[in-house]
Amino acid sequence: MLQYIVRRILLFIPTLFLITVISFGISRLAPGDPAELKAGVGGEGAMRGNQQLNEQMINQIRAQWHLDKPVWYWTIFNDEKDATGKLKPISERMTFQWNGLNNQYQYWLTSILKLDFGKSFQDNRDVMEKIMERVPITFLIALISIFLSYLIAIPLGIYSATHQNTPLDKISTVSVFILFSMPQFWIATMAIIFFGGGDFFAWFPNNGLHSMNISPEDPWMTRTLDFLWHLVLPLAANTYFSFAYLSRQMRGSMLEVIRQDYIRTARAKGLSNRMVVYKHALRNSLIPIVTLIAYLLPALVGGSIVIEYIFTIPGVGQLAFQALTARDYPVIMAEFTLSAVLTLAGLLVADILYSAVDPRIAFSKKSG
């Protein structure tokens, strides 16, 4: 097992490098210039009074953020302009220029190797500082969602498999498929309209994490209950999809296991149905469910962009959305990298849990 873990960790290095290349390229494909947005000339007709001063300000910002350097190690098209100041046609600008270590990607990759994501373009604050301020609430919502998903999905999947084709099984199957087909933003919007004071009931808060009338001087129980009350709608909107998917996976896995010969043998020995299901069948049917742990945490953190934006929650997802709209490349790249690390770590944890669920699974050759 130790050798397998070491090999997987070493495999993370080329995987992360490839992820950085792809995410860096995607971020640079977004339209707009962050330097122009920072200087205030990105909008139509904004700051048109002194074009020369605007150009100087933009050039200074680009130099400060290293945006004046080439994007990659090599350049296919140069930026040569004609007498009027316009770029020449592509056919006249085709070239191949090696930029060596003087490019934006190299600068950003070097910063990552130093565990430093740089400064935010928006407020010049340290990127990791901004992210770490928001990580706790995003991870709290994600972890609670995973816990609730498994808490509901596993018993429901077991019941549906052991009571196949009964009315309750059919009702749960149809209900789960309906939930599975609904997009997250629509569920969140409907939750606000129906239960968050939109058009019907005002049972739950629809934005933020604390009420306006709650202060730090209030008792901790009051502040905790108010905080949990604000999490009801975001958690519901963040949990339903994974719960629906997990319950179907659990049902299918349990159905496959209870049809095995050793289960029929256990029943023939006179063991009770409860003993057969929960002692003999459950452990083997959990293997596909364990696999999904590797994907749920990164998926929930990534999906937090929609939930946190709709419910105005100051988490990592809201920060990512703000960075995308402001072309804040350092924050965008940090979000991409952290999501990749979470995914790779989740896959490793899932593989390790395999052997805990089923000891027959081995990751290294056994000696003769």
Side-chain angles (χ1 to χ4, degrees), residues 1-5 7-8 142-182 187 232 235-236 238-300 343 345-368:
M1 175 63 75
L2 181 60
Q3 294 178 358
Y4 174 79
I5 294 174
R7 287 199 302 269
R8 287 294 300 270
L143 293 176
I144 295 177
S145 296
I146 292 177
F147 174 76
L148 292 176
S149 299
Y150 277 85
L151 184 66
I152 301 172
I154 291 179
L156 181 60
I158 293 173
Y159 179 86
S160 296
T162 54
H163 297 77
Q164 189 180 11
N165 297 325
T166 60
L168 286 178
D169 175 44
K170 294 178 180 179
I171 292 173
S172 66
T173 299
V174 172
S175 301
V176 165
F177 273 116
I178 291 175
L179 287 175
F180 186 70
S181 63
M182 292 180 178
I187 287 290
V232 172
L235 281 174
N238 206 40
T239 302
Y240 82 94
F241 182 85
S242 54
F243 142 69
Y245 182 71
L246 282 173
S247 65
R248 292 302 88 193
Q249 293 294 323
M250 187 66 206
R251 180 181 185 274
S253 179
M254 179 62 75
L255 281 175
E256 182 179 355
V257 170
I258 61 178
R259 292 168 180 167
Q260 298 295 322
D261 292 338
Y262 74 92
I263 297 296
R264 285 195 289 267
T265 302
R267 295 185 189 278
K269 290 181 177 180
L271 297 178
S272 65
N273 185 65
R274 184 181 183 87
M275 179 69 71
V276 171
V277 171
Y278 291 98
K279 185 175 182 180
H280 296 277
L282 178 59
R283 187 169 183 176
N284 289 330
S285 63
L286 285 176
I287 295 178
I289 307 302
V290 169
T291 309
L292 297 175
I293 296 178
Y295 302 96
L296 277 181
L297 184 58
L300 288 172
T343 303
L347 290 171
L348 179 60
V349 170
D351 288 345
I352 295 174
L353 289 177
Y354 283 155
S355 59
V357 174
D358 189 350
R360 296 172 298 175
I361 298 177
F363 298 104
S364 59
K365 295 182 180 180
K366 295 182 179 180
S367 59

Could you report the tightest heavy-atom contact between T239 and S145, atom names first, then the distance?
OG1-OG, 3.3 Å

Roughly how far, to the nearest 0.5 Å, is CG of L151 from CZ of F147?
5.0 Å

Does the pair L286 and I154 meet the rule for a side-chain contact (heavy atoms from CB on, under 4.5 Å), with working shown?
CA-CA 9 Å; L286 285 176; I154 291 179; 4.1 Å; yes

Would you say the side chain of S172 lies within less than 4.5 Å of the side chain of L156, judging by non-hydrogen atoms?
yes

I want to check something: taking the side chain as every heavy atom from C-beta on, are S285 and M250 in contact at a cut-off of under 4.5 Å?
yes

Exercise: identify the closest heavy-atom pair between R251 and Q164:
NH2-CG, 3.6 Å

If you take all heavy atoms of H163 and D169, which pair is closest and at what distance?
O-CB, 3.3 Å

Could you tell me the separation between the CD1 atom of I258 and the CZ atom of R267, rounded to the nearest 0.5 Å?
6.5 Å

Taking side chain as C-beta onward, heavy atoms only, is L255 less than 4.5 Å from R259?
yes

Do you know the tightest heavy-atom contact between A153 and S247?
CB-N, 3.5 Å

At their closest point, which heavy atom of L179 faces which heavy atom of A244, and how far apart are they?
CB-CB, 4.2 Å

Would you indicate whether Y278, at its atom OH, is surrounded by more than 12 heavy atoms from other residues, nucleotides or ligands within a distance under 6.0 Å?
no

Judged by atom type as modelled, is there a donor-acceptor pair below 3.5 Å linking the side chain of E256 to the main-chain atoms of G252?
no

Tell me the closest heavy-atom pair linking V257 and I263, and the distance in Å.
O-CG1, 3.3 Å

Indicate yes or no: at least one non-hydrogen side-chain atom of N238 is less than 4.5 angstrom from one of I144.
no

Which residue is it: F243, Y240, Y245, F241? I am looking for the one with a side-chain contact (heavy atoms from CB on, under 4.5 Å) to S149.
F243

Can you check whether K279 reaches L271 side chain to side chain, under 4.5 Å on heavy atoms?
no

